[in-house]
Amino acid sequence: MERKEFLRKMGGGAAFALMFPCVQSCSKDSEEPPSFPVPTGVDFTIDLRRSENAPLANNGGFISIKSDPDLTYLDIVVARNLEGDLVAASKICSHQQTEEVIFRDIEGGVFFCTTHSSKFAQDGTSLNLNTTSNPLKIFNTSLAGDFLRIFE
Ligand code: FES
């Protein structure tokens, strides 16, 4: 059946109703996800006793930090890895700079981008093809009592 004939048989309204959802979803699918700058000049401290940092009490737990107390832009993920060490990385993925990096307790503990499922070792090395030449930015951590310093 030719397109013209199909449209004539369906009637204009029905054809529009069939096509409209596709037009909407297709345009959404083709949009680029928003991108963000990788944090630089990072040097701040968090108090592990604060309630928002409670996930760091457990191995595999993580938190996301958008800014420090001075409201400096950060976008960092801090995690307690499966060995109990505190590690930190940029939440900005090295693939397309979305702010979707989290920590997952799979494969020994990896940083994971939920946008296209890229995985990174805890030293930032890419573990898949999306980002082989672009490691994830990793930050140093230093623990003094209940205070965790995160810095470059
Ligand atoms: S933006 Fe992170 S995997 Fe594509």
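Any value given below was found using the heavy atoms of this structure, including those in side chains, with hydrogens, waters and symmetry copies removed.
From Ser35, atom OG reaches atom CD of Glu99 across 10.0 Å, with rounding to the nearest 0.5 Å. Taken from CG in Asp75 to NZ in Lys66, the straight-line distance is 4.0 Å, to the nearest 0.5 Å. Note that CD1 of Ile150 is 12.0 Å distant from CD1 of Ile138, once rounded to the nearest 0.5 Å.
Through direct or relayed side-chain contacts under 4.5 Å between Ile, Leu, Val, Met, Phe, Trp and Tyr, Phe147 connects to no other residue.
Two residues are said to be in side-chain contact when any heavy atoms from C-beta on lie closer than 4.5 Å; Ile76 and Pro39 meet this criterion. Two residues are said to be in side-chain contact when any heavy atoms from C-beta on lie closer than 4.5 Å; Leu148 and Asn53 fail this criterion. In this structure, the side chains of Ile65 and Ile63 come closer than 4.5 Å at one or more pairs of heavy atoms. Side-chain contact check for Phe112 versus Lys119: some heavy-atom pair is nearer than 4.5 Å. Side-chain contact between Ser126 and Phe120: present, with at least one pair of heavy atoms (C-beta onward) separated by less than 4.5 Å. Looking only at side-chain heavy atoms (C-beta outward), Cys113 and His95 stay at 4.5 Å or farther from each other.
In this structure, Glu100 has no salt bridge (Lys or Arg N to Asp or Glu O under 4.0 Å) partners at least two apart in sequence or on a different chain. Applying the salt bridge (Lys or Arg N to Asp or Glu O under 4.0 Å) rule to Asp105 yields no partners; only residues at least two apart in sequence or on another chain are considered.
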>> Applying side chain to side chain contact (heavy atoms under 4.5 Å, CB included) to Gln122 and Val110, what does each step give before you reach the verdict?
In response: CA-CA 6 Å; Gln122 291 174 42; Val110 296; over 6 Å; no
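Residue pairs satisfying the salt bridge (charged side-chain N to carboxylate O under 4.0 Å, His left out) criterion with at least one member in residues 133-142, sequence neighbours excluded, are listed as follows: Lys137-Glu152. Note on residues 49-61: pairs passing salt bridge (charged side-chain N to carboxylate O under 4.0 Å, His left out), not counting sequence neighbours, are Asp47-Arg49, Arg49-Asp146, Arg50-Glu52.
Considering all non-hydrogen atoms of both residues, Arg104 and Ile102 come closest at CG-CD1, 3.8 Å. A pairwise comparison of heavy atoms in Pro37 and Tyr73 identifies O-OH, 2.6 Å as the closest pair.
Residue Leu48 is grouped with residue Val78 when hydrophobic side chains (ILVMFWY) are merged at heavy-atom distances under 4.5 angstrom, including chains of intermediate members. Leu56 and Leu82 fall into different hydrophobic clusters, where Ile, Leu, Val, Met, Phe, Trp and Tyr side chains are chained together by heavy-atom contacts under 4.5 Å. A continuous path of ILVMFWY side-chain contacts below 4.5 Å connects Leu143 to Phe44, so both sit in one hydrophobic cluster.
The backbone N or O of Asn134 lies less than 3.5 Å from a partner atom in the side chain of Ser94, making a donor-acceptor pair.
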Do any side-chain atoms of residues 84-92 form donor-acceptor pairs under 3.5 angstrom with protein atoms, and if so which ones, sequence neighbours left out?
{"residue": "Ser90", "atom": "OG", "partner": "Ile92", "partner atom": "N", "Å": "2.8"}
{"residue": "Ser90", "atom": "OG", "partner": "Ile92", "partner atom": "O", "Å": "3.3"}
{"residue": "Lys91", "atom": "NZ", "partner": "Ser64", "partner atom": "OG", "Å": "3.2"}
{"residue": "Lys91", "atom": "NZ", "partner": "Val101", "partner atom": "O", "Å": "2.8"}

